[in-house]
Q: 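Dropping a structure here in structure tokens format, bear with me for questions.
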Amino acid sequence: MPMPNLTVLRTYALKPNPTDLPSSVLFCHTETSLTIFDAYPKAMFHFLVLPRVIPPTTTSELMSLRSLLAVEKERAWGIVEMLGKDAEQVRGMVEDEMVKRYGFKWDIWIGFHSVPSMEHLHLHVISSDLISPALKNKKHYNSFHPKLGFFLHLKDVLSWFDSDPSYFDMMSGLKKDQYEPLLKEDLVCWECDKAFKNIPALKTHLQGIWDERVRREKNRLEKKRKRDHEDEEAAATQTSLPSNKRVDTGDAS
DNA sequence: GTTCTAGAAC
DNA sequence: GTTCTAGAAC
């Protein structure tokens, strides 16, 4: 069994020229960050935004969120803020792709794992469906549950910088003992709070939510298509109001 | 972070 | 008997 490489993200972040990376790895990059496809996506869309290593910031400061939050507040803030800006660009690209592929968009979460498994800071950009063959166990699911507390939303992390220094100090400790137990919590649907006995049952539920969403969106698009079609006909016959504002007179003509 | 698999859970 | 979880990986 090959031992997985837990430092591969750092080798990516150190590339002087990110475009050397295979296109199967690199999604996009800026002067200060690169965004890669998560190798084991836990949702239909799942990317990691990594800070590039730019002096005076060092690889060891960029090891994790915890190590970054230990450097001077202003410099740490600048890096988190920069990652957030670049993640928002990625969000926009993902939303475009959602519309292109499915005709609608759904939530995208942006945040850090409180206890990371791989070295080098990485900001997750992940779609809220949580449907993926690589999502296989409770730890995978709970690590992205948006209300459980293990997943730290970017907005919340940024808010720590504006709060009392004592609160910042408390949160920035990111103690393993405080967060790791959350991964063992019972399986609960993040959307409807229903509990599940095991992962296969939860995955069936998530798939059901998705199938229902697709069905509703199809109906919506079909209704809109019909409305627009009627409006075209109405315009052709000089009827003034769009069909969705018209009062039904029961006139069949 | 994953894979593999023993044995728990059903 | 099969499904599923959870701990080891030298």
Side-chain angles (χ1 to χ4, degrees), chain A residues 1-15 18 21-27 29 33-53 59-69 83 87 90 94 108-146 148-154 157 174-190 194-209:
Chain A
M1 187 191 318
M3 198 54 181
N5 180 1
L6 302 183
T7 61
V8 64
L9 301 183
R10 181 155 52 229
T11 68
Y12 296 160
L14 284 166
K15 288 272 182 204
L21 290 167
S23 60
S24 56
V25 172
L26 184 70
F27 179 63
H29 73 285
S33 77
L34 54 161
T35 299
I36 62 168
F37 295 90
D38 192 297
Y40 299 92
K42 303 306 189 294
M44 293 184 188
F45 298 92
H46 188 182
F47 298 88
L48 306 178
V49 187
L50 322 179
R52 297 174 70 177
V53 183
T59 53
S60 80
E61 289 169 340
L62 292 174
M63 170 114 87
S64 64
L65 184 60
R66 191 165 87 91
S67 62
L68 179 62
L69 296 184
L83 288 177
V90 173
V94 171
I108 293 165
W109 299 324
I110 296 176
F112 301 97
H113 278 162
S114 47
V115 183
S117 299
M118 298 189 83
E119 293 186 9
H120 199 81
L121 182 63
H122 49 284
L123 180 59
H124 292 270
V125 178
I126 184 168
S127 57
S128 62
D129 50 272
L130 299 183
I131 292 173
S132 164
L135 197 161
K136 294 178 175 176
N137 58 44
K138 181 183 273 189
K139 180 174 170 175
H140 291 154
Y141 177 77
N142 280 345
S143 75
F144 290 104
H145 189 299
L148 191 62
F150 187 90
F151 185 82
L152 304 174
H153 295 270
L154 173 73
V157 174
L174 292 170
K175 288 291 173 215
K176 260 193 188 183
D177 299 357
Q178 189 186 329
Y179 290 99
E180 261 178 347
L182 297 171
L183 296 174
K184 309 223 183 222
E185 295 267 301
D186 290 346
L187 292 168
V188 175
C189 173
W190 69 269
K194 186 168 162 13
F196 292 87
K197 285 206 184 335
N198 55 46
I199 279 286
L202 173 62
K203 285 177 71 96
T204 300
H205 174 73
L206 293 175
Q207 185 67 51
I209 290 179

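Residue numbering restarts at 1 for every chain, and letters A, B, ... go by the order of the sequence lines. Computed from a predicted model, the values in this text were never measured in an experiment.
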Q: Measuring from A/I126:CD1 to A/I110:CD1, what's the distance to the nearest 0.5 Å?
A: 11.5 Å
Q: Taking any strand in view, what nucleotide pairs with C/dC10 in a Watson-Crick or G-U wobble way, both distances under 3.5 Å?
A: none
Q: If the plane angle is over 60° it's perpendicular, under 30° parallel, otherwise tilted; pick one for A/F144 and A/H113.
A: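 Because their plane-to-plane angle lies in the 30° to 60° range, the rings of A/F144 and A/H113 count as tilted.
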Q: Just say parallel, tilted or perpendicular for the rings of A/Y179 and A/F150, cut-offs at 30° and 60°.
A: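 If you compare the ring of A/Y179 with that of A/F150, the planes turn out perpendicular.
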Q: State which of C/dT5, C/dG7, B/dT3 makes the closest approach to the side chain of A/I199.
A: C/dT5
Q: Categorize A/P116 for me: base, sugar-phosphate, or nothing, with a 4.0 angstrom heavy-atom threshold over every strand shown.
A: nothing
Q: Measure from the side-chain heavy atoms of A/K42 and tell me the nearest of C/dT5, B/dT3, B/dT2.
A: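 Nearest nucleotide to the side chain: B/dT2.
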Q: Tell me the closest heavy-atom pair linking A/H140 and A/N137, and the distance in Å.
A: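 So the two residues come closest at N-OD1, 2.8 Å.
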Q: In whole angstrom, what separates A/N5's CG from C/dA9's C1'?
A: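 After rounding, the reported distance stands at 16 Å.
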Q: Which nucleotide, B/dT2, B/dT3, C/dC4, lies nearest any side-chain atom of A/H140?
A: B/dT2
Q: Can you tell me how far C1' of C/dT5 sits from NZ of A/K203, to the nearest Å?
A: 15 Å
Q: To the nearest angstrom, how far is A/N137 atom CG from C/dA6 atom C1'?
A: 9 Å
Q: With ring centroids as reference points, do A/H120 and A/H122 lie under 6.0 angstrom apart?
A: no
Q: Rounded to whole angstroms, how far apart are CG on A/D38 and C1' on B/dT2?
A: 12 Å
Q: Looking at the side chain of A/N198, which of B/dT2, C/dG7, C/dT5 is the nearest nucleotide?
A: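 From the listed options, C/dT5 comes nearest.
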Q: Return the value, rounded to whole Å, for the distance between atom CG of A/N142 and atom P of C/dA6.
A: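 The distance from CG of A/N142 to P of C/dA6 comes to 11 Å, rounded to the nearest Å.
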Q: What is the distance from CG of A/L202 to P of C/dT3, rounded to the nearest Å?
A: 19 Å
Q: Side chain of A/K136 only, heavy atoms from C-beta on: which candidate in B/dT3, C/dC4, C/dG7 is closest?
A: B/dT3
Q: Within the structure shown, what part of the strands sits under 4.0 Å from A/K138 by heavy-atom distance: base, sugar-phosphate, or nothing?
A: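 A/K138: no heavy atom of the nucleic acid under 4.0 Å.
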Q: Taking NZ from A/K197 and P from C/dT2, how many angstroms apart are they, rounded to a whole number?
A: 23 Å
